[in-house]
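Here's the structure, in structure tokens; my notes come after.
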Amino acid sequence: MNGEFIYRETETDTTTTSSGGHQETCPECESDSLVADNVHGEVVCDECGCVVQTQQIDTGPEWSAYTHSESQEKSRVGAPLTRTMHDRGLTTKIDWKNTDAHGKAVSDRKRTQLRRMRTWQERIRTKDAGERNLQLALAEINRMASALGVPRPVREVASVVYRQALDRDLVQGRSIEGVATSALYAACRKENIPRSLDEVADVSRVERVEIGRTYRYLADELELEMRPVDPRRYLPRFCSELDLDEAVQQRAAAVLDEAADAGLLSGKSPTGLAGAAIYIASLDCNVKRTQKEIANVAQVTEVTIRNRYQEQLALVEGDGA
DNA sequence: AAATTAGGTTACGCGAC
DNA sequence: GTCGCCAAACCTAATTT
């Protein structure tokens, strides 16, 4: 039995008292529908509303858990776990044979009962497998998110994406880590806290190409509707890494705006575009950084910076700035 | 440092099977 | 589903300005 179930009846929940309690019927109306209110510590009669017993002990946990992993972490009860078994020894198996412990055939009534039990047991077991899978993935997502320094909301989104993938059986045949990484990458883009595929790959245990593949697959199947990253999103981070002030950043954003109007952004790597814009801006503002320096933080080559830079420069000069 | 050039690599979309 | 191919973007590396 999983300890979780015990805690489901706390907080605002009201549940009927167990038969082991002191009082089973209401002294006023003789009704037996007594209800324990664990929040207020009272036992009340559901029929007439009178309070039968006060100072009830709240048998629920003194902590609150909002997620599955949290409750796993905080709970101090439950069966001992072992990682050596695929289900950590928690679930029950029900044999398929319709015989009792002595090998005798069982009655029809028992047979249907057994069938129902098997069905539900299977449902519970597989659901649990999903939960375990999820826990692994979430741990991995958290680790990578920390390494990348992305804020909490991104992790939340990544978790949601992963859950969806799990629900729709998209993880089958793929590594948990691969899907987890892809979910995180997708979450970054969705939340507009862009990290390039390379950066994500650096903190992942999965190859870059697989992340890309899985990501596309997820985006497709889950209809995540991902649009290309706006290069402007990279400006704050890059500028800060290059020790450039706000003015340069604004100038770079203006350059990118123009480039966007001219339809220059399509198909190019956003980091390269951002880098080139920063290069132009740094020249404009007399705080020049070399192409090499910029190429470094943007994680593209100088050549790419150069190419984008030439394109964008033609624009900016073109309208006589 | 920046520009130019050449040649290699990669992921992507597409159609054929 | 995957195989083969193509075109575009990028990369590496060498050379010149």
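In what follows, every chain begins at residue 1, and chains take the letters A, B, ... in the order their sequences are listed.
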Short side-chain N/O contact from [X] to OP1 or OP2 of [N], under 4.0 Å:
| X | N | result |
| --- | --- | --- |
| A/Arg306 | B/dA1 | no |
| A/Thr301 | C/dC11 | yes |
| A/Tyr279 | B/dA2 | yes |
| A/Ser269 | C/dC10 | yes |

Under 4.0 Å between a side-chain nitrogen and a carboxylate oxygen: does that hold for A/Glu311 and A/Lys268?
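Answer for the salt bridge query: yes.
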
Give a yes or no on whether a salt bridge exists between A/Glu199 and A/Arg237, defined as a side-chain N under 4.0 angstrom from a carboxylate O.
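Yes, this pair counts.
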
Which nucleotide in [options] has an atom nearest any side-chain atom of [X]:
| X | options | answer |
| --- | --- | --- |
| A/Arg208 | B/dA11, B/dA3, B/dT5 | B/dA11 |
| A/Gln291 | B/dA3, C/dC10, C/dA13 | B/dA3 |
| A/Val209 | B/dT10, C/dC10, B/dA1 | B/dT10 |

Closest non-hydrogen atom pair, A/Leu218 against A/Ala165
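Here A/Leu218 and A/Ala165 meet closest at CD2-CB, 3.8 Å.
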
Quick check on DNA chain B: between A/Lys288 and A/Asn307, whose nearest nucleotide comes earlier from the 5' end?
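The residue closer to the strand's 5' end, by nearest nucleotide, is A/Lys288.
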
Is it true that atom CG of A/Asp261 has more than 12 heavy atoms of other residues, nucleotides or ligands lying nearer than 6.0 Å?
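Atom CG in A/Asp261 is crowded, with more than 12 foreign heavy atoms closer than 6.0 Å.
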
Could you check whether A/Gln310 gets within reach of a base, just the sugar-phosphate, or nothing at all, counting any heavy atom under 4.0 Å?
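It contacts sugar-phosphate atoms only.
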
